[in-house]
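Just so you know, these numbers come straight off a predicted model, no measurement behind them. Quick note: numbers below take in every heavy atom, side chains included, and nothing from hydrogens, waters or symmetry partners. Letters A, B, ... mirror the listed sequences (proteins, then strands); counts begin at 1.
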Amino acid sequence: MDKTISTVAEAVADIPDGAQVMIGGFGGSGAPIELIHALINRFRATGSPKNITVINNNAGNGYIGIAAMIKAGMVKKMICSFPRSSNAEAFNEKFLAGEIELELVPQGTLAERIRAAGAGIPAFYTPTSFGTELAEGKPTEEFDGKMYVRERWLKADFALIKGQQGDTVGNMTYRMAGRNFNPLMAMAAAKTIAQVSELGEPGSIDPQQVITPGIFVDAIVEVAQPQQEEVLVRTGVVY
Amino acid sequence: MDKTISTVAEAVADIPDGAQVMIGGFGGSGAPIELIHALINRFRATGSPKNITVINNNAGNGYIGIAAMIKAGMVKKMICSFPRSSNAEAFNEKFLAGEIELELVPQGTLAERIRAAGAGIPAFYTPTSFGTELAEGKPTEEFDGKMYVRERWLKADFALIKGQQGDTVGNMTYRMAGRNFNPLMAMAAAKTIAQVSELGEPGSIDPQQVITPGIFVDAIVEVAQPQQEEVLVRTGVVY
Amino acid sequence: MSDFNIMEDKLSNAQIAWRAAQDIEDGSYVNLGIGFPEMIAKFQPEGRDVTYHTENGVLGFGKAPAEGEEDWDLINAGKKAITLNPGASFFHHADSFSMVRGGHLDLAVLGAYQVAQNGDLANWRVGSKGVPAVGGAMDLVHGAKRVAVVTDHVTKDGGPKLVKTCTFPLTGVGCVTRIYTSLAVIDIEGGKFILREKLPGLTMEALQAVTGATLHTDGDVLDLIVPEDL
Amino acid sequence: MSDFNIMEDKLSNAQIAWRAAQDIEDGSYVNLGIGFPEMIAKFQPEGRDVTYHTENGVLGFGKAPAEGEEDWDLINAGKKAITLNPGASFFHHADSFSMVRGGHLDLAVLGAYQVAQNGDLANWRVGSKGVPAVGGAMDLVHGAKRVAVVTDHVTKDGGPKLVKTCTFPLTGVGCVTRIYTSLAVIDIEGGKFILREKLPGLTMEALQAVTGATLHTDGDVLDLIVPEDL
């Protein structure tokens, strides 16, 4: 069950127009820049995939990664928690011009909705957002004297994630705070595509130290020296 | 913030009569035998704690661990998934005599209810048990054309868990399949008491390899050569 | 035809397990229920790469260890000692049942007391006596892409286990998609039993006589052929 | 008294942060919101062992690294580079917000646009213009045993930030338990502002005049005293 793909271009080759795509990372940590850029390359070469819905905590920074996807005009909608960043012009311009949709989700609810999708839990109750405009139209209920909002799972067609170690059957670890949404998105997408810095044989990761078991990963590609989003943003790189 | 307790007796000293106690382990793997036996010792010496509600996947095997708690008459109620085991006379006798209560919960629902308690999710929907007698009286709802049962979180006053490595601030790892319910119970109890085979200083566990972060653990005690429930059962040990 | 004796000429459990094993696809993730279904792993066809999940938190386990070499922290859901294959992983129970409920398994195979023609399964208790125990059965019937059953076709008394409506307490509603019995292979589609294979010596009439609901056909009914020496 | 000028003699943000830091208990787990609240860590009193949580998945982080030594995979929720203390751990976002929602944090400190006397907090947007962004604020106001706010007592225009009812969009309902302002320390109990401390030069009347709801007392009102050189 070798899930290895040799290039990032091949790894993202079957993402179609209109796909709902989860992209791991929080700010620059754990962002699969090479997979994102491969997707942008495909769009520039073929016009596809377009009308993508992207799920991420943020809405891109600078002129690389998700921000470059938005700038390129591939993104129809963002589902995220914090699109307003220090360097988020790409999203801001499109949003204020009415050219991109936004579903704003509290960060913990976003994480839990993604986890619920992976865990087969169609809905759950959370105290988060009760009584706020982000809960408008959602069912509410009292448990043990406290009010809660019902939230639905959030699934995706694809997840693009970034890990540290990986093996050919899809087991993965993550580097420090680069873990963030990556293991959750791996569970919640119909097809999960992972880039890892080190790709080894099965058994190369201690079974006790696997963070994402291979069952959640469909394709894995080695990117030995991955770019770091934050570094690219700080050095003003434009993709 | 040193959470070290020097003996298992001290570790379980403040569990009162009537407490709801989660006990980690699945069969013999990951069962905190020494903590359980310390609790039995206290009961034998003082008559307390009694009327305990125990939450575990099983209801004890042989004449040690949870089975010995039941035999000793400390346990009022079991909340578990699979009380019927090859060697579960202690529970069976009390149950058939009407001397112990049973709340039977499907295994995955048990895990998810415990996880929900730890995660601040008061209720969630699961397909598990829909249309069965274990769903009787529970709210049901249709999502995307499929029926689901609403389940509530399951909290406890105390959790007794077993790990492999630990550090003085409560970070933990687990040995192989001994992980099972332990990390979930650590999240769901008001006070979590852990026994570990190796107790080190903060920093002795790679932060990327911590399975249970210390925030979930209140007291940690080293039991360097822990007994293995399955071995005790197979060798006919009676506690 | 009349020389076929349903109680004597039926398949053994090993033969049923062998047949079920032939349908396990290369590259699939599979959970085999405790007991009889576990036997299927022994007959996994050569050249197929299958990853076995056990709900107590192990993916990618292998054969039982030699006696005396057991490590009792390394067990399956039936509390039997196992070994690990390369690429195995450990995880806690909530993650394990996320794999189950979340639709990540390709196949779950369970035993049965009764299966109804609408896919209802009863496999966890037969009445209200004794100590009830449910374990992971009610979870396993949901989420796997295919939920199959291995079972004798009839009870020890010769009564049907494939029925119109289950009379024993249900494990799950409308969940079973294929049944491997000691006499036949039957799919459940649209609330009906669809006969796919039957033992060559057995007539349709004889099979229907020991089945509690109508057997339908949809295309050819193939011969159910398994190795004799199992 | 009349020589107290609310806009000139009020506490600086550093002084407010210092005061809030004095209440952080030994052995506690604390989440400090992005921006102003983060400053509190700098004033953590000697001898108190505090573990800081950041919602992107780190527990037990320490000071910012020296410039040029940043590792951008090691950041906090404000996307600033951090370092680790011994005993730190990493975890994914769902586990991180389990710590928040599940009541495992002892204290969360946030900034505010407005706080109402019933504990309602508005701190995520001031109107419907621009790009909205919520982050973890709506989660952080639930679950922590204490939810405190650090804020200037009044807006830049001198208007009250402590109000009867929030007019800005809410972050959470009835969630705030203590407010550290540039003029006072105020608890919220039973739907009322309870004044605990105020700057010594400030009269009750002057403080009430810049507060949008009635200030109640419950026992002595202490002098709010902080280091002058912050």
Participant: Would you give the length of the straight line joining atom CD of B/E133 to atom CG of C/L170, rounded to the nearest 0.5 angstrom?
Facilitator: 9.0 Å
Participant: Look at B/G30, B/P83, B/A31 and state which one has the largest set of heavy-atom pairs under 4.5 Å with chain C.
Facilitator: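 So the answer, after comparing B/G30, B/P83, B/A31, is B/P83.
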Participant: So does C/E67 have more than 12 non-hydrogen atoms from other groups sitting under 6.0 Å from CD?
Facilitator: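 At most 12 heavy atoms, drawn from other residues, nucleotides or ligands, come within 6.0 Å of this atom.
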Participant: What part of C/N76 gets within 4.5 angstrom of chain B, counting heavy atoms only: side chain, backbone, both, or neither?
Facilitator: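 The backbone, not the side chain.
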Participant: Write down the atom of B/N180, the atom of C/H92, and the distance for their closest heavy-atom approach.
Facilitator: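 Taking every non-hydrogen atom into account, O-CB, 3.3 Å.
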Participant: Taking B/R179 first and then C/D95, would you say they form a salt bridge - that is, a charged N and a carboxylate O separated by under 4.0 Å?
Facilitator: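 Looking at C/D95 together with B/R179, the answer is no, because their closest N to O distance does not fall below 4.0 Å.
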Participant: Grab the two heavy atoms, one from B/P127 and one from C/H142, that are nearest each other, plus how far apart they are.
Facilitator: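 Of all heavy-atom pairs spanning B/P127 and C/H142, the closest is O-NE2, 3.2 Å.
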Participant: Please give me the minimum heavy-atom distance between B/L102 and C/P132, naming the atom from each residue.
Facilitator: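 B/L102 and C/P132 have their closest heavy atoms at CD2-CG, 3.8 Å.
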Participant: Is B/P183 in contact with chain C via its backbone, its side chain, both, or neither, using a 4.5 Å heavy-atom distance?
Facilitator: side chain
Participant: Tell me, yes or no, whether the heavy-atom count around C/K164 atom NZ, taken from other residues, nucleotides or ligands under 6.0 Å, exceeds 12.
Facilitator: no
Participant: Shorter than 4.5 Å, heavy atoms on both sides: which option in C/V134, C/D71, C/N56 has the most such pairs with chain B?
Facilitator: C/V134
Participant: Could you tell me the separation between the CG atom of B/L104 and the CZ atom of C/R125, rounded to the nearest 0.5 Å?
Facilitator: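 Those atoms lie 8.0 Å apart.
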Participant: Checking C/W72 against B/V233 for the side-chain contact (heavy atoms from CB on, under 4.5 Å) test, could you report, in this order, the C-alpha distance in whole Å, the side-chain angles of both residues, the deciding distance, and whether it holds?
Facilitator: CA-CA 11 Å; C/W72 296 108; B/V233 170; over 6 Å; no
Participant: Please determine, among C/G130, C/G174, C/G57, the option with the most heavy-atom pairs under 4.5 Å with chain B.
Facilitator: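 Answer, by heavy-atom pair count under 4.5 Å with chain B: C/G130.
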Participant: Among B/N92, B/L134, B/V231, which residue has the highest count of heavy-atom pairs closer than 4.5 Å to chain C?
Facilitator: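 With the most close heavy-atom pairs to chain C, the winner is B/L134.
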Participant: Given that the side chain runs from C-beta out, which part of C/S96 has a heavy atom under 4.5 Å from chain B: side chain, backbone, both or neither?
Facilitator: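 The answer is neither part of C/S96.
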Participant: Heavy-atom distances under 4.5 Å only: say whether C/V100 touches chain B with side chain, backbone, both or neither.
Facilitator: neither
Participant: Which atoms of C/F90 are under 4.5 Å from chain B, going by heavy atoms: the side chain, the backbone, both sets, or neither?
Facilitator: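 Backbone plus side chain of C/F90, per the 4.5 Å heavy-atom cut-off to chain B.
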Participant: Could you go through the side-chain contact (heavy atoms from CB on, under 4.5 Å) check for C/V131 and B/F82 one step at a time?
Facilitator: CA-CA 9 Å; C/V131 178; B/F82 207 83; over 6 Å; no
Participant: Return yes when atom CD of C/E25 has more than 12 non-hydrogen atoms of other residues, nucleotides or ligands closer than 6.0 Å, and no otherwise.
Facilitator: no
Participant: Report which part of B/F91 has an atom under 4.5 Å of a heavy atom belonging to chain C: side chain, backbone, both, or neither.
Facilitator: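 Contact with chain C involves the side chain of B/F91 alone.
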Participant: For chain C, which candidate among B/G28, B/S129, B/A177 shows the most heavy-atom pairs at distances under 4.5 Å?
Facilitator: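 Of B/G28, B/S129, B/A177, B/A177 has the most heavy-atom pairs under 4.5 Å with chain C.
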Participant: Could you go through B/T109 and C/R101, starting from their C-alpha distance and side-chain angles, then the distance that decides it, and tell me whether this counts as side-chain contact (heavy atoms from CB on, under 4.5 Å)?
Facilitator: CA-CA 10 Å; B/T109 299; C/R101 242 191 276 102; 5.6 Å; no
Participant: Let me know if B/N182 has heavy atoms under 4.5 Å from chain C in its side chain, its backbone, both or neither.
Facilitator: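 Contact with chain C involves no heavy atom of B/N182 at all.
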Participant: Looking at every heavy atom in both C/A94 and B/A111, which two are closest together, and how far apart are they?
Facilitator: N-CB, 4.0 Å
Participant: If I compare all heavy atoms of C/D139 with all of B/G108, which pair ends up nearest, and what's the gap?
Facilitator: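 So the minimum-distance heavy-atom pair works out to OD2-N, 2.8 Å.
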Participant: Could you have a look at B/A135, B/S81, B/A59 and say which one has the most heavy-atom pairs with chain C under 4.5 angstrom?
Facilitator: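 Most pairs with chain C among the choices: B/S81.
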Participant: Would you say C/F97 and B/Q107 make side-chain contact, with heavy atoms under 4.5 Å?
Facilitator: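 C/F97 reaches B/Q107 side chain to side chain.
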Participant: Measure distances from C/A77 to the heavy atoms of chain B and classify the residue's part below 4.5 Å as side chain, backbone, both or neither.
Facilitator: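 Both backbone and side chain.
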Participant: Taking the six-membered ring for Trp, are B/F26 and C/H93 parallel (under 30°), tilted (30 to 60°) or perpendicular (over 60°)?
Facilitator: tilted
Participant: Drop me the distance from C/E70's CD to B/Q228's CD, to the nearest 0.5 angstrom.
Facilitator: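 Atom-to-atom, C/E70:CD and B/Q228:CD are 11.0 Å apart.
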Participant: Name the region of B/R115, side chain, backbone, both or neither, that has any atom closer than 4.5 Å to a heavy atom of chain C.
Facilitator: side chain
Participant: Taking all heavy atoms of B/S29 and all of C/D73, pick out the closest pair and write down the distance.
Facilitator: CA-OD1, 3.6 Å
Participant: Please rank B/E229, B/E112, B/R175 by heavy-atom pairs under 4.5 Å with chain C and give me the top one.
Facilitator: B/R175
